[in-house]
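Down below is the structure, laid out as structure tokens.
Indexing begins at 1, ligand by ligand and atom by atom, following the structure's order. Position 1 is the first residue of the sequence, and the numbers go up from there.
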Amino acid sequence: DTSVHVEVLEDYITDFNQLLENYGLKCVYHAHISVGELHLRPILNLKDAAHIQLFHDIALESAKLVKKYKGSLSGEHGDGRLRGEFIPLMMGDRNFELIKQVKKLFDPEGIFNTEKIIDTPPMNSFLRYEAGHKSPEFDTFFDYSNEGGLMGLIEKCNGSGDCRKTEITGGTMCPSYMATRDEMATTRARANVLRELLSRKDLKNPFDQADIYKVLDLCLSCKACKSECPSSVDMAKIKAEFLQHWYEHHRIPIRSLLIANISRINSLGMLFPALFNWFATAKLTSSLLKRMLGFATKRSIPTLGKTTLRKWAGRNLESLNTALPPDAPEVVLYVDEFSNYNDSALGITAIRLLNRLGIRILIVKHPVSGRTYLSKGLLKKSRQIARKNVEILSSVVNSERPLVGIEPSAILGFRDEFPELVGKDMIGLAKELAEHCMTIEEYLDNAFEKHIFDNSLFTKEKARIKLHGHCQQKAIASTEPTMRILSIPENYSVQEIPSGCCGMAGSFGFEKEHYELSMEVGELVLFPAVREADTDALVVAPGTSCRHQIGDGTGRQAFHPVEVLYGALL
Ligand code: SF4
Ligand code: SF4
């Protein structure tokens with residue numbers, strides 16, 4: 001937390017780098033460079049006695065260096081436990097003595113903020129680990145080789161507290177904290193509990209601890225921590241891993257099995273979709289169903305389309321493709337389970353849009369995306385699904401013919417979870433495939449950039465759009481391509497709602513014990529912004545569960561970006 005005058009910053013950094021070089025160390029720099037403020041984090045292993053000593057030595061030498069440049073050792077934060085012992089050095093013994101006397105006047109018993117600033121113990125004492133600490137190693141379902149094992153990922157949490165963002169500061173991490181303002185609902189608390197409890201040596205299976213289950217229960221698996229936490233603590237991955245281990249000793253709840261297998265249920269429902277929809281929406285039957293399954297009665301159940309996307313494509317795709325020139329660019333459309341059963345009308349619109357833009361579409365037989373299994377921590381099944389998807393799609397997808405997905409949570413699994421889940425023998429293949437997998441917005445953005453189509457195909461009428469990005473899209477990809485493609489019609493203006501997670505997070509918001517929290521998350525920014533939007537503004541959300549949440553929370557219909565673009569075609 002050092003700060004020196006910007007005019008001497010360069011010299012100070014040179015000296016500091018020399019100091020590190022003398023110790024053969026590297027450093028992570030965070031900077032508020034315009035004001036000469038640096039957060040310097042030498043890379044040390046604080047489980048190693050020699051490095052624990054180095055921790056102190058380097059801190060002391062940096063304090064001397066800051067003093068040399070007449071800077072401040074605590075440029076932005078308090079002195080606290082970490083820098084308290086260096087205050088006498090920084091301000092001189094006499095001044096420090098006066099401060100001590102003032103403190104004593106107000107706090108003769110020494111009960112306020114003990115051992116901070118005054119009488120501070122050495123900064124390398126009372127650390128998280130004793131020297132020589134060995135973290136346990138576990139057999140895991142996900143691959144953690146880039147993170148030093150499961151414990152390595154958990155231990156990456158450095159306690160910075162960036163997961164205590166609020167709706168005022170913006171960002172997405174961490175929605176459960178934003179809504180509850182309870183430390184136990186932060187990513188940090190989850191990491192702390194996991195680190196402590198999984199390290200217990202007295203248990204045969206450290207995963208079999210209800211306290212871990214409890215602290216992870218409110219995690220929405222939104223993935224925001226993967227991108228917004230400075231240490232990339234991916235709690236959604238850890239939660240899924242934990243649940244699979246938990247289920248080794250506990251029965252998988254029926255509700256979780258139903259959610260995971262929803263595409264099978266929907267495929268049966270498609271035998272009589274009208275009857276299924278009546279059953280799901282009629283007041284009495286719907287309420288009975290929700291009560292039986294443990295869903296919130298205030299929720300609406302997602303209904304089925306009139307036909308499946310696959311059936312429709314089977315009847316229409318060939319003739320649509322035939323009308324295109326032989327050298328038309330090609331994509332493989334990923335028919336995820338949501339677009340196939342519930343949002344088949346959207347899937348059809350996506351096909352029509354791509355076709356009108358001159359793009360040939362291939363649809364191949366492949367399994368579901370596995371998102372519903374992943375979200376319930378059923379990683380054994382998710383792995384089978386991921387492997388099958390990678391095996392099948394690798395043979396048809398390449399840089400000239402990318403895999404394009406409508407539902408972000410489904411297609412982004414190829415880039416996020418699949419390479420870490422498929423197993424060692426398939427990692428290379430999964431990573432290669434991941435490079436050619438994209439959301440439909442990313443593909444259209446790219447195609448527009450390459451002049452595969454231009455904006456003369458679209459209306460010149462005005463429209464205003466309010467966009468809510470999907471959490472996983474924000475964490476793994478970006479909302480920028482969505483913003484850009486929605487601006488292709490020249491008089492469309494797009495504004496992104498500074499919302500974090502919508503609160504639905506797949507099935508989370510349907511579950512009766514999570515319903516209130518889900519709605520509270522929605523009420524932070526998203527619902528008020530949608531309610532305030534002019535009635536003629538289009539509310540857009542690429543995620544199927546976000547659109548459902550917007551409907552349930554505000555009564556307003558939200559559209560997928562492809563529906564807006566298709567509607568804008570001349
Ligand atoms: S989880 Fe990330 S953001 Fe939260 S305290 Fe840990 S390191 Fe900081
Ligand atoms: S996945 Fe989302 S809800 Fe879970 S800890 Fe990370 S930010 Fe919080």
Side-chain angles (χ1 to χ4, degrees), residues 1 28 30 39 41 43 46 77 82 128 142 147-148 150-167 169-196 198 212-243 371 374-377 408-409 412-413 416-417 420 469-476 499-509 511 513-514 516-522 524-526 543 545-546 549:
D1 191 23
V28 179
H30 307 251
H39 298 295
R41 241 173 59 197
I43 299 173
L46 293 181
H77 301 277
L82 190 64
R128 183 184 280 177
F142 276 120
E147 293 126 340
L150 170 62
M151 287 307 284
L153 178 57
I154 294 166
E155 289 173 1
K156 276 169 84 177
C157 170
N158 59 38
S160 69
D162 292 80
C163 43
R164 291 171 61 101
K165 287 179 184 168
T166 68
E167 71 281 10
T169 57
T172 303
M173 173 180 70
C174 166
S176 51
Y177 172 76
M178 279 193 195
T180 61
R181 294 290 206 274
D182 180 359
E183 169 68 20
M184 282 307 280
T186 60
T187 320
R188 172 168 71 183
R190 291 172 185 131
N192 283 340
V193 169
L194 280 155
R195 199 182 56 243
E196 285 304 312
L198 286 182
I212 304 182
Y213 189 97
K214 203 170 150 204
V215 81
L216 289 175
D217 184 51
L218 295 189
C219 166
L220 290 90
S221 298
C222 70
K223 285 274 174 189
C225 41
K226 178 165 177 149
S227 65
E228 291 182 26
C229 159
S231 302
S232 305
V233 175
D234 182 353
M235 196 51 69
K237 178 179 176 184
I238 298 169
K239 180 178 179 178
E241 180 78 48
F242 167 78
L243 283 174
R371 175 57 57 202
L374 278 165
S375 74
K376 291 288 134 203
S409 68
L412 292 173
D416 184 21
E417 289 101 343
E420 297 178 330
H470 185 276
C471 285
Q472 280 158 354
Q473 175 189 22
K474 286 184 248 189
I476 314 298
S499 46
C501 175
C502 73
M504 184 66 105
S507 62
F508 183 90
E511 295 161 355
E513 70 279 20
H514 296 143
E516 294 299 332
L517 176 65
S518 162
M519 296 312 263
E520 280 163 23
V521 172
L524 291 170
V525 177
L526 178 60
S545 59
C546 309
Q549 173 81 328

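Using a 4.5 Å heavy-atom threshold, the side chains of K237 and E417 count as separate. Side-chain contact check for H77 versus H39: some heavy-atom pair is nearer than 4.5 Å. In this structure the side chain of V215 never reaches within 4.5 angstrom of the side chain of N192, judged on heavy atoms. At a threshold of 4.5 Å between non-hydrogen side-chain atoms, the residues S176 and L220 count as touching. Side-chain atoms of M184 and L218, non-hydrogen and from C-beta on, never get closer than 4.5 Å to each other. Counting heavy atoms from C-beta on, the side chains of K223 and C471 never come closer than 4.5 Å. Between R164 and T169, the closest side-chain pair of non-hydrogen atoms is not below 4.5 Å.
Looking from atom 7 (S) of ligand 1 to the surrounding protein, the closest heavy atom is N158 N, 3.3 Å. Ranking protein heavy atoms by distance to atom 2 (Fe) of ligand 1, first place goes to C229 SG, 2.3 Å. Taking atom 8 (Fe) of ligand 1 as the reference point, the nearest protein heavy-atom neighbour is S160 OG, 2.4 Å. At the top of the distance list for atom 5 (S) of ligand 1, counting protein heavy atoms only, stands G161 N, 3.1 Å. Residue, atom and distance of the protein heavy atom nearest to atom 6 (Fe) of ligand 1 are C157 SG, 2.4 Å.
Contacts between R190 and ligand 2 below 4.0 angstrom, taking non-hydrogen atoms only, involve the side chain exclusively. Contacts between C471 and ligand 2, counted as non-hydrogen atom pairs separated by less than 4.0 Å, are absent for every part of the residue.
The closest non-hydrogen atom to atom 4 (Fe) of ligand 1, taken over C225, S231, C163, comes from C163.
Distance check for C174 against atom 4 (Fe) of ligand 2: none of its N/O/S atoms falls below 2.8 Å.
Using 4.0 Å as the threshold, A191 has no heavy atom nearer than that to any atom of ligand 1.
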